[in-house]
There are 2 protein chains.
Amino acid sequence: MRAASQQMDLVFGALADPTRRAILARLADGEATVNELVAPFELSQPTISKHLKVLEGAGLVSRGRNAQFRPVRLNAKPLAEASRWIGDYRRFWDESLDQLEAYVKDLQAKGEPS
Amino acid sequence: MRAASQQMDLVFGALADPTRRAILARLADGEATVNELVAPFELSQPTISKHLKVLEGAGLVSRGRNAQFRPVRLNAKPLAEASRWIGDYRRFWDESLDQLEAYVKDLQAKGEPS
DNA sequence: CATCTATATTGCTAAATAGAGATATATCAA
DNA sequence: TTGATATATCTCTATTTAGCAATATAGATG
């Protein structure tokens with residue numbers, strides 16, 4: 001099994017490209033053929049196929065078979081891991097520092113809240 | 001102002017490297033000097049400095065000044081954006097397939113385009 | 001079979017990246 | 001001032017990446 005950290009490298013690396021994020025956004029509306037994914041971009045078909053390979057390597061899409069089509073569908077599971085990783089930093093952004101300090105003091109004073 | 005999409009390229013690109021993720025994890029415990037960040041790795045100081053530049057370019061860390069030290073501290077705000085982006089896909093992983101299908105059917109019943 | 005369509009693969013180039021060692025700069029301390 | 005420490009910058013190399021055009025393959029259809 002691939003180390004979790006390597007998997008994160010692949011997932012975040014895949015998300016680092018705007019074309020690939022746009023492909024995922026498109027796939028959120030349902031599966032698509034490669035040509036359907038090529039259409040909105042001014043990029044060649046081989047280039048999109050390469051992006052799809054990166055997404056597939058990260059586990060973010062999977063491919064089917066339907067005659068000469070290889071429909072692409074979203075597989076969001078790896079995003080759950082990525083979300084969890086980022087979530088560990090939530091306390092650093094969703095409260096101002098003062099509020100965070102107050103919150104921590106409140107925790108210490110009262111015990112476990114929601 | 002930098003386009004939001006470019007900012008995401010930088011943030012996800014920064015997170016795609018395990019050394020940089022480890023640096024952020026370390027900074028969650030408080031600010032650190034460059035040498036303190038070098039110590040846990042078998043990487044040279046210039047290499048860590050380069051990673052810090054990438055993190056700074058993504059807005060994920062900021063630098064202070066204290067004598068000859070340039071303390072590095074976490075700036076998690078850009079992670080909020082990244083989290084929001086990923087969050088748009090939450091419904092694809094935090095519900096069972098049956099529930100997802102029900103959700104899609106519900107959308108279709110309400111006339112939401114696919 | 002011949003051909004058309006969908007997609008993958010190959011081979012290339014240019015640019016970006018991670019890493020190193022050497023050296024420069026800035027500040028402190030004696 | 002001299003030297004020590006912290007960090008940045010320069011220059012180089014190897015690897016990876018995004019992109020393209022050309023070509024190969026797989027399946028449908030005339």
Side-chain angles (χ1 to χ4, degrees), chain A residues 2-3 5-27 30-74, chain B residues 2-3 5-24 26-27 30-75:
Chain A
R2 184 153 36 212
S5 170
Q6 264 184 66
Q7 181 62 22
M8 297 281 262
D9 294 359
L10 295 173
V11 171
F12 283 129
L15 298 181
D17 183 281
T19 299
R20 287 191 294 258
R21 289 198 304 278
I23 288 173
L24 292 180
R26 164 63 186 79
L27 292 176
E31 77 175 25
T33 67
V34 174
N35 274 343
E36 285 168 347
L37 294 172
V38 169
F41 300 101
E42 291 186 332
L43 294 173
S44 68
Q45 172 262 313
T47 293
I48 298 297
S49 283
K50 199 191 275 187
H51 280 306
L52 290 173
K53 224 171 182 177
V54 173
L55 289 167
E56 196 177 8
L60 288 166
V61 307
S62 56
R63 323 290 306 262
R65 243 173 219 258
N66 179 4
Q68 69 267 65
F69 304 86
R70 313 281 153 90
V72 186
R73 56 194 123 72
L74 179 65
Chain B
R2 181 153 38 211
S5 171
Q6 261 183 68
Q7 180 64 20
M8 296 282 262
D9 294 0
L10 295 174
V11 171
F12 283 128
L15 297 182
D17 183 281
T19 299
R20 288 191 292 259
R21 289 198 305 278
I23 288 173
L24 293 179
R26 163 63 186 79
L27 292 176
E31 78 176 23
T33 67
V34 174
N35 274 342
E36 285 169 345
L37 295 172
V38 169
F41 300 101
E42 293 186 330
L43 294 172
S44 68
Q45 172 262 312
T47 294
I48 297 297
S49 283
K50 199 191 276 186
H51 280 306
L52 290 174
K53 223 170 183 178
V54 174
L55 289 167
E56 196 175 9
L60 288 167
V61 306
S62 56
R63 322 290 307 263
R65 242 170 220 257
N66 179 4
Q68 69 267 63
F69 303 86
R70 313 281 153 87
V72 187
R73 56 193 123 70
L74 179 65
N75 179 13

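- For the pair A:Q45 CD and D:dA21 P, the interatomic distance rounds to 12 Å; values are reported in whole Å.
- The main-chain N or O of A:R63 is never found under 3.5 Å from a side-chain atom of A:R70 such that the two would form a donor-acceptor pair.
- Between B:A32 and A:T19, the one whose closest nucleotide on DNA chain D sits nearer the 5' end is B:A32.
- When side chains are defined from C-beta on, A:L15 does not count as touching B:M8, because their heavy atoms never get closer than 4.5 Å.
- Between the CG atom of B:L55 and the P atom of D:dA8 there is a distance of 13 Å, rounded to whole Å.
- Residue contacts for B:E36: at a heavy-atom cut-off of 4.0 Å it reaches no nucleic acid atom on any strand shown.
- With rounding to whole Å, A:N66 atom CG is found 11 Å from D:dA28 atom C1'.
- Here A:T33 lies in heavy-atom contact (under 4.0 Å) with sugar-phosphate atoms only.
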**Report entry** side chain to side chain contact (heavy atoms under 4.5 Å, CB included) between A:L37 and A:L27, worked out
**Finding:** CA-CA 9 Å; A:L37 294 172; A:L27 292 176; 4.1 Å; yes

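- Separating the CZ atom of B:F69 from the P atom of D:dA8 is a distance of 12 Å, rounded to the nearest angstrom.
- Within the nucleic acid shown, A:K53 comes within 4.0 Å of sugar-phosphate atoms alone, with no base atom in reach, counting heavy atoms only.
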Show me the side-chain donor-acceptor pairs of residues 45-61 of chain B shorter than 3.5 Å, one per line, residues at least two apart or across chains.
unit_1: B:Q45; atom_1: NE2; unit_2: B:S49; atom_2: OG; d: 3.1
unit_1: B:T47; atom_1: OG1; unit_2: B:S44; atom_2: OG; d: 2.9
unit_1: B:S49; atom_1: OG; unit_2: B:Q45; atom_2: O; d: 3.4
unit_1: B:H51; atom_1: ND1; unit_2: B:R20; atom_2: NH1; d: 3.1

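- Distance, A:L10 CG to D:dT17 C1': 14 Å, rounded to whole Å.
- Note: A:L74 CG to A:I23 CD1 = 11.5 Å, rounded to the nearest 0.5 Å.
- With the nearest nucleotide of DNA chain D identified for both A:L43 and B:L52, B:L52 has the one nearer the 5' end.
- If you measure from atom CD of A:Q68 to atom C1' of D:dA24, you get 16 Å, rounded to the nearest angstrom.
- Side-chain atoms of B:R26 do not come within 3.5 Å of backbone N or O of B:P40 as any donor-acceptor pair.
- Regarding B:I48, its CD1 atom lies at a distance of 16 Å from the P atom of D:dT9, rounded to whole Å.
- Distances from the side chain of B:R63 to the nucleotides D:dG27, D:dA18, D:dA8 place D:dA8 closest.
- The two residues B:G13 and A:A16 have their closest heavy-atom pair at N-CB, 3.5 Å.
- The nucleotide range of DNA chain C contacted by chain B, defined by atoms under 4.0 angstrom from heavy atoms of the protein and reported 5' to 3', is C:dA18 to C:dC28.
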